[in-house]
Amino acid sequence: MTERRTALGDAWTAPGTVTGAGPTAHPPAGLRRGPFSVGVRLRWLGVSGWEIVIGQGDGRRSILFDPYLSRMPFTNAQGVAEHGVPFRPDRAAVEEIAARHLTGAPELVLVSHGHFDHMADVPQLLARPAWRGSRIRVLCDVTVSSLLAAMGTPPWRLADTVPVAGGDKLGFDGYTVEVFRSLHSRRPDYGYFAPGHRPVPPPRPSVLGDFVEGTTLAYLVSVDGGPSVLLMGASDVAEREIAGIRPDVAAVPMTTTAAVHRYPERLLAAAGHPPLLIPCHHDDMVTPLTGPPGPLADAVSTAPVRELAAAAPGSRVLAPRHLESVDLNAALS
């Protein structure tokens, strides 16, 4: 595995990193449960995708959230997301990134909703020969489960799908996963891409519009002896669902937010103003992860980072880099 890491010094001095501040700043609630005895690292996979790595050395374990690695074209000639764009995953890129950059077979795959840029590569990852000997559970709603079946996910992997709908709190070895009902981002005209549900497996998807939303979910991963991380897949929040959860870290999607009233402010207030915020879903979704670093860096918009920092006085806002691993324990110290 090729390891890219961000040290604490890089995290707070590198270009694109912002620390929220201001006269109305909330006191950082960092170290709420620290000092931490279990190491946790977070690797950005692009869009809203993350790898959470728990522990160190040979005992490391991992969880994937919304792992979308294909980064296929998704717009029409006018640059608008188009339901009829053919579904053409980049299987070579998915395999290269899994082999070179991921820690190994994850214990869990958490999926926020059914859109292509959140779950389209999950069947290929689950079918990797290198991971065949490892049990991988997928937490998702019924729509995602139906799409996984439609895409030919191996039956023995489908048997390890764990249906969730929000309100679930599940215990695993060394950590818990809590599931919350959430909401999808909205365009400026208040609509959004491919709503809908699939209670039973549909025909195999052939265009991007076949990947319908289902129920959008958020997840809180709380590591015993380590930090807790809120993971979301879209730029809206059902704030009553997450009220009072107080994560140490929040990965905050920052796509178009104009139609959603005070999205960052409402999210952060409901979550108790997490001390560390990491924006995501603010890249162009198409520049290959396997290409040179220059174009990939240019594919990330900086305006959403500034918007999040303005909404978060008193929190540290860390602008992630694709495929780099950030030590959350050090960042929260």
Side-chain angles (χ1 to χ4, degrees), residues 1-6 41-53 62-76 79 81-82 85-106 108-132 134 136 138 140 144 147-148 150-154 157 193 204-211 231 233 251 253 255 280-301 320-326:
M1 180 189 72
T2 300
E3 180 69 275
R4 299 186 192 174
R5 297 194 172 198
T6 296
R41 303 188 72 94
L42 198 62
R43 186 191 317 277
W44 189 32
L45 305 179
V47 194
S48 66
W50 298 96
E51 181 189 42
I52 300 176
V53 180
S62 67
I63 299 168
L64 294 180
F65 174 76
D66 283 5
Y68 174 62
L69 310 175
S70 284
R71 299 176 72 83
M72 67 193 91
F74 66 97
T75 60
N76 60 21
E82 176 56 59
V85 173
F87 172 49
R88 295 173 179 167
D90 189 339
R91 297 185 61 84
V94 173
E95 177 56 29
E96 179 179 347
I97 295 162
R100 293 186 57 200
H101 296 287
L102 298 185
T103 301
L108 304 178
V109 178
L110 314 177
V111 183
S112 67
H113 62 286
H115 287 162
F116 71 93
D117 53 325
H118 299 264
M119 61 81 57
D121 292 330
V122 172
Q124 180 181 345
L125 291 169
L126 292 176
R128 287 193 77 221
W131 292 355
R132 186 176 180 86
S134 301
I136 304 173
V138 180
C140 61
V144 171
L147 289 168
L148 291 175
M151 296 173 71
T153 301
R157 291 297 195 200
F193 183 83
R204 190 180 188 93
S206 61
V207 296
L208 300 187
D210 291 336
F211 291 89
L231 301 164
T255 50
C280 60
H281 217 326
H282 61 310
D283 57 350
D284 68 7
M285 295 173 46
V286 294
T287 301
L289 295 176
T290 54
L296 196 55
D298 293 340
V300 179
S301 174
R321 300 186 181 98
H322 292 92
L323 299 179
E324 289 193 0
S325 174
V326 177

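Since the model is a prediction, treat every value here as computed from it, not as a measurement. This chain uses plain numbering: 1 for the first residue, then up along the sequence.
Residue Ile97 holds its CD1 atom at 4.5 Å from CG of Leu69, rounded to the nearest 0.5 Å. Atom CG of Leu42 sits about 12.5 Å away from atom CD of Glu324, to the nearest 0.5 Å. To the nearest 0.5 angstrom, Leu102 atom CG is 5.0 Å from Trp131 atom CH2. Atoms CD1 and CG, on Ile63 and Leu108 in that order, are 5.0 Å from each other to the nearest 0.5 Å. How far CG of Leu64 is from CG of Leu45: 6.5 Å, rounded to the nearest 0.5 Å. The distance from the CE atom of Met285 to the CG atom of Asp117 is 4.0 Å, given to the nearest 0.5 Å.
Of all heavy-atom pairs spanning Thr153 and Leu148, the tightest one is OG1-O, 2.7 Å. The minimum heavy-atom distance between Pro89 and Met72, with the atom names listed, is CA-CE, 3.9 Å. Contact detail for Ser48 and His281: the closest heavy-atom pair is CB-CD2, 4.0 Å. Scanning both residues, Phe211 and Gly114, for their nearest heavy atoms gives CB-O, 3.3 Å.
Between Val109 and Pro106 the shortest side-chain heavy-atom distance falls below 4.5 Å. The shortest distance between side-chain heavy atoms of Met151 and Phe87 falls below 4.5 Å. Contact annotation: the side chain of Ser62 never approaches that of Ile52 to less than 4.5 Å [non-hydrogen atoms, C-beta and beyond]. Two residues are said to be in side-chain contact when any heavy atoms from C-beta on lie closer than 4.5 Å; Val85 and Thr75 fail this criterion. Two residues are said to be in side-chain contact when any heavy atoms from C-beta on lie closer than 4.5 Å; Pro67 and Val122 meet this criterion. Looking at Met119 and Leu147, their side chains come closer than 4.5 Å, going by heavy atoms from C-beta outward. Proximity of Pro320 to Trp50: side-chain heavy atoms (C-beta onward) are separated by under 4.5 Å at one or more points. Considering only heavy atoms from C-beta on, Arg157 comes within 4.5 Å of Ile136 through its side chain.
Side chain of Asp284 to backbone of Thr287: a donor-acceptor contact under 3.5 angstrom is found. Judged by distance alone, the side chain of Ser70 and the main-chain N or O of Asp90 form a donor-acceptor pair under 3.5 Å. Between the side chain of Asp66 and the backbone N or O of Ser112, at least one donor-acceptor pair lies under 3.5 Å. For Arg41 (side chain) and Val53 (main-chain N/O), no donor-acceptor pair under 3.5 Å exists by modelled atom type. Although no hydrogens or angles enter the test, the distance criterion places no donor-acceptor pair under 3.5 Å between the side chain of Glu51 and the main chain of Trp44. Using modelled atom types, no side-chain atom of Thr290 and backbone atom of Ala93 make a donor-acceptor pair closer than 3.5 Å.
Between Asp283 and Arg71 there is a salt bridge, since a side-chain N of the basic residue sits under 4.0 Å from a carboxylate O of the acidic one. Checked for salt-bridge contact, Arg128 and Glu95 meet the test: a charged N lies under 4.0 Å from a carboxylate O.
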> So Arg321 and Val326, side-chain contact (heavy atoms from CB on, under 4.5 Å) or not? Walk me through it.
Replying inline: CA-CA 9 Å; Arg321 300 186 181 98; Val326 177; over 6 Å; no
> Do Arg100 and Leu323 pass the side-chain contact (heavy atoms from CB on, under 4.5 Å) test, and can you show the C-alpha distance, the side-chain angles, and the key distance before you say yes or no?
Replying inline: CA-CA 10 Å; Arg100 293 186 57 200; Leu323 299 179; over 6 Å; no
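The aromatic rings of Phe74 and Phe116 sit tilted relative to each other, their planes meeting at an angle between 30° and 60°. Taking the six-membered ring for Trp and thresholds of 30 and 60 degrees, His118 and His113 have ring planes inclined between 30 and 60 degrees apart.
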